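Fair warning: this is a prediction, and the values are worked out from it, not measured in the lab. One is the number of the first residue; the rest follow in order along the sequence. Values below: all heavy atoms of this structure, side chains included; hydrogens, waters and symmetry mates excluded.
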Amino acid sequence: MATTHHEPAGQLPLAGITVVSLEQAVAAPFATRQLADLGARVIKVERPGGDFARRYDTTVHGQASYFVWLNRSKESLTLDLKSEEGREILHELLAGADVFVQNLAPGAADRLGLGADELQARYPSLIPCTVSGYGTSGSWADRKAYDLLVQCQTGLLSLTGTPDEAVRAGISVADIAGGMYAYSGILTSLFTRATTGRAPAVEVSLFDALAEWMSQPAYYTRYGGTQPPRVGARHATVAPYGPFTASDGKDVLLSVQNEPEWAALCEQVIGQPELTADPRFATGSDRVAHRDELDAIISARFAELGSEEAMELLDRANIANAGVNSVAEFLDHPALTERDRWREVAIPGGSTPVQALVPPANLSGVDPRMDPVPAAGEHTERILGELGRGPDDIARLRAEGVCR
């Protein structure tokens, strides 16, 4: 495995940008970690007990898998924002910051005087970014929102699973979508500030983010009169597109996207070129309507083939296919190992470094920063020192519980 290496922070695209983040869980930390990857200084302000996501699990050498993924290259400062002095310290940081990100519980930011309008009036060049569950207006603004709840509310759960059972997506898609839109919104606002002097506030809700991802089934439902059915690992509106079991018991997923591919499948893989003239399968819509009959034909052919033989035939016919990997198989995928996509990242406790994936956006000449995951409050003393606090003052703040 490759070791950590990156260009000096001064050569990274966001060097010189300071982000203060009052963040927890997944969505906001994902947005700020991506800013840190590109060189921004991210000061993560945690409650004295730390971000609760630190305690989701202990699977990564005693650390939580979510937290290790989302919080590398950040500095951790602990503050009790219920105390007046804690809020004063936060505002000292905001006075010198470029971006402020928060995903507190509904209404909490406003109660702390950290609403976007109030911050922009006080710090005109600051870009506030609010990540919420259902937005900051409307009757749903005060509702708690976690990833699976948002999957339910957007209708995603009604699409995933089998005809008999709905299932959640296996990753936190609402949180990830929200974090990605917050990240792109912040970059857009930084560009706007650099070109016009105006610093637009950014607001992203998990619901709106996942609602955007639901657009195709939304169009299909609104104008087709019925929503796509739950079809397990098959595609609801394209056929054939799904897994088929080979004679060795392994599943091979194939995807036919157009008529030339359909003809190639019939002729070179199934061995029944006459199927191309079968009116049941004449168009994509016909193949979806007669999916069960089509799948039975393909399944019968795959029962005669081993998985490797089936994939070789599909490759020769230029039909997209894949084995159904486990997570362990994904970790050793040649598209990662052959392309040097792993780096080592240190985590709290001085234990063995973990392997982390390089960010997916490859910028020419830029090697992203992949610095350690901070312990809770690891940088408190240094950050307070930068704000002019001396050792005695910092000791007093610790004794009073303002920080740790």
Requested in this report: Determine, step by step, whether S158 and Q227 satisfy the side-chain hydrogen bond (donor to acceptor under 3.5 Å, both in side chains) criterion, reporting the C-alpha distance in whole Å, the side-chain angles of both residues, the deciding distance to 0.1 Å, and the verdict.
Outcome: CA-CA 9 Å; S158 74; Q227 75 171 49; 3.2 Å; yes

Query raised in the report: Do you see a donor-acceptor pair shorter than 3.5 Å between the side chains of S172 and Y146?
Result: no

Query raised in the report: Are E400 and R396 close enough for a salt bridge, meaning some N to O gap below 4.0 Å?
Result: yes

**Report entry** Side-chain ion pair, E23 and K44, N-O less than 4.0 Å
**Finding:** yes

Query raised in the report: Taking T18 for the side chain and A97 for the main chain, is one N or O donor matched with an acceptor at less than 3.5 Å?
Result: no

Requested in this report: Say whether, by atom type as modelled, one donor and one acceptor occur between the side chain of T32 and the main chain of P29 under 3.5 angstrom.
Outcome: yes

Query raised in the report: Considering only heavy atoms from C-beta outward, does the side chain of E304 approach that of S247 to under 4.5 Å?
Result: no

Query raised in the report: Can L314 and V252 be said to form a side-chain contact (heavy atoms from CB on, under 4.5 Å), step by step?
Result: CA-CA 10 Å; L314 290 165; V252 175; 4.0 Å; yes

Requested in this report: Report the relative orientation of the aromatic rings in F207 and Y134; use parallel for angles under 30°, tilted for 30 to 60°, perpendicular for over 60°.
Outcome: tilted

Requested in this report: Answer yes or no: does atom CZ of F52 have more than 12 heavy-atom neighbours from other residues, nucleotides or ligands under 6.0 Å?
Outcome: yes

Report summary line: Between the CG atom in L190 and the CD1 atom in I17, the distance rounded to the nearest 0.5 Å is 5.0 Å

Requested in this report: Taking only Lys NZ, Arg NE, NH1 and NH2, and the carboxylate oxygens of Asp or Glu, determine whether R280 and D278 approach each other closer than 4.0 Å.
Outcome: yes

Query raised in the report: Any donor and acceptor pair, going by atom type alone, linking the side chain of H290 with main-chain N or O of E293 inside 3.5 Å?
Result: no

Query - Any donor-acceptor N/O pair, R198 side chain to T195 backbone, under 3.5 Å - result: no

Requested in this report: Mark yes or no for whether R87, through its side chain, and G113, through its backbone, hold a donor-acceptor pair below 3.5 Å.
Outcome: no

Report summary line: d(L363 CG, L38 CG) to nearest 0.5 Å is 6.0 Å

**Report entry** Polar side-chain atom of E312 near backbone of E309 as donor-acceptor pair, under 3.5 Å
**Finding:** no

Query raised in the report: Taking NZ, NE, NH1 and NH2 as the nitrogens, is one of them in K74 or E46 under 4.0 Å from a carboxylate oxygen of the other?
Result: no

Query raised in the report: Are V202 and Y181 close enough that some pair of their side-chain heavy atoms sits under 4.5 Å apart?
Result: no

Query raised in the report: Is the count of non-hydrogen atoms from other residues, nucleotides or ligands lying under 6.0 Å from R382 atom CZ greater than 12?
Result: yes

Report task. Would you kindly say whether T136 and E203 are connected by a side-chain donor-acceptor distance under 3.5 Å? Result -> yes

**Report entry** Flag side-chain contact, heavy atom, 4.5 Å: V373 against V345
**Finding:** yes

Requested in this report: Begin with the C-alpha distance, continue with both residues' side-chain angles, and end with the deciding distance and a verdict on side-chain contact (heavy atoms from CB on, under 4.5 Å) for V231 and H235.
Outcome: CA-CA 7 Å; V231 289; H235 195 291; 5.9 Å; no

Query raised in the report: Is there side-chain contact between V173 and L210, with heavy atoms separated by less than 4.5 Å?
Result: yes

Query - No-hydrogen, no-angle side-chain donor-acceptor test under 3.5 Å, T59 and D57 - result: yes

Query - Flag side-chain contact, heavy atom, 4.5 Å: L294 against W262 - result: yes

Query raised in the report: What's the spacing between L253 CG and N321 CG if we round to 0.5 Å?
Result: 8.5 Å

Report task. Looking only at non-hydrogen atoms, find the nearest pair between T78 and C403 and report the distance. Result -> O-CB, 2.9 Å

Requested in this report: Give me the one residue out of L81, L79, D80 that meets side-chain contact (heavy atoms from CB on, under 4.5 Å) with S83.
Outcome: D80

Query raised in the report: Do R389 and L397 have side-chain heavy atoms sitting under 4.5 Å apart?
Result: yes

Query raised in the report: If you look at every heavy atom in I319 and S255, which pair is closest and at what distance?
Result: CG2-O, 3.6 Å

**Report entry** Distance, nearest 0.5 Å, that separates CG of D367 from CE of M370
**Finding:** 9.0 Å

Query - Closest non-hydrogen atom pair, A199 against P124 - result: CB-O, 3.8 Å

Query - side-chain contact (heavy atoms from CB on, under 4.5 Å) between D295 and F244, worked out - result: CA-CA 8 Å; D295 283 358; F244 297 89; 3.5 Å; yes

Report summary line: Rounded to the nearest 0.5 Å, the CZ atom of F330 sits from the CG atom of N325 at a distance of 9.5 Å

Query raised in the report: Relative to each other, are the rings of F30 and W69 parallel, tilted or perpendicular (30° and 60° limits)?
Result: tilted

Query raised in the report: Does N103 offer a backbone N or O that forms a donor-acceptor pair with the side chain of Q24 under 3.5 Å?
Result: yes

**Report entry** Heavy-atom pair with the smallest gap, counting every atom of A166 and L157
**Finding:** CB-O, 3.2 Å

Query raised in the report: Hey, does L104 have a side-chain heavy atom less than 4.5 Å from the side chain of L22?
Result: yes

Query raised in the report: For D117, does the CG atom have more than 12 heavy-atom neighbours from other residues, nucleotides or ligands under 6.0 Å away?
Result: no

Query raised in the report: Could you give the distance from CD1 (I297) to SG (C266), rounded to the nearest 0.5 Å?
Result: 8.5 Å

**Report entry** SB check R404 E381 (cutoff 4.0 Å)
**Finding:** no

Report task. Search all heavy atoms of P368 against all heavy atoms of L12 and return the closest pair with its distance. Result -> CA-CD2, 4.4 Å

Requested in this report: Output, in order, the C-alpha distance, side-chain angles, deciding distance and verdict of side-chain contact (heavy atoms from CB on, under 4.5 Å) for L187 and L35.
Outcome: CA-CA 9 Å; L187 293 179; L35 297 170; 4.0 Å; yes

Query raised in the report: Is there a side-chain hydrogen bond (donor to acceptor under 3.5 Å, both in side chains) between T283 and D286 once you walk through the steps?
Result: CA-CA 5 Å; T283 67; D286 293 327; 2.9 Å; yes

Query - More than 12 heavy atoms of other groups within 6.0 Å of E329 CD - result: yes

Query raised in the report: Is there a donor-acceptor contact under 3.5 Å from the side chain of R339 to the main chain of A335?
Result: yes

Query raised in the report: Between R291 and A239, what is the shortest heavy-atom contact and its length?
Result: NH1-CB, 3.9 Å

Query raised in the report: Are the side chain of D51 and the backbone of R54 linked by a donor-acceptor contact shorter than 3.5 Å?
Result: no

Report task. Indicate whether any N or O donor in one side chain lies under 3.5 Å from an N or O acceptor in the other, for H91 and E88. Result -> no

**Report entry** Min side-chain heavy-atom separation L156-V150 under 4.5 Å
**Finding:** no

Requested in this report: Please lay out, stage by stage, how Q272 and R301 fare under the test side-chain hydrogen bond (donor to acceptor under 3.5 Å, both in side chains).
Outcome: CA-CA 10 Å; Q272 298 184 46; R301 175 57 174 149; over 6 Å; no

Requested in this report: Output yes when a side-chain donor or acceptor of S189 lies under 3.5 Å from a complementary backbone atom of P200, and no otherwise.
Outcome: yes

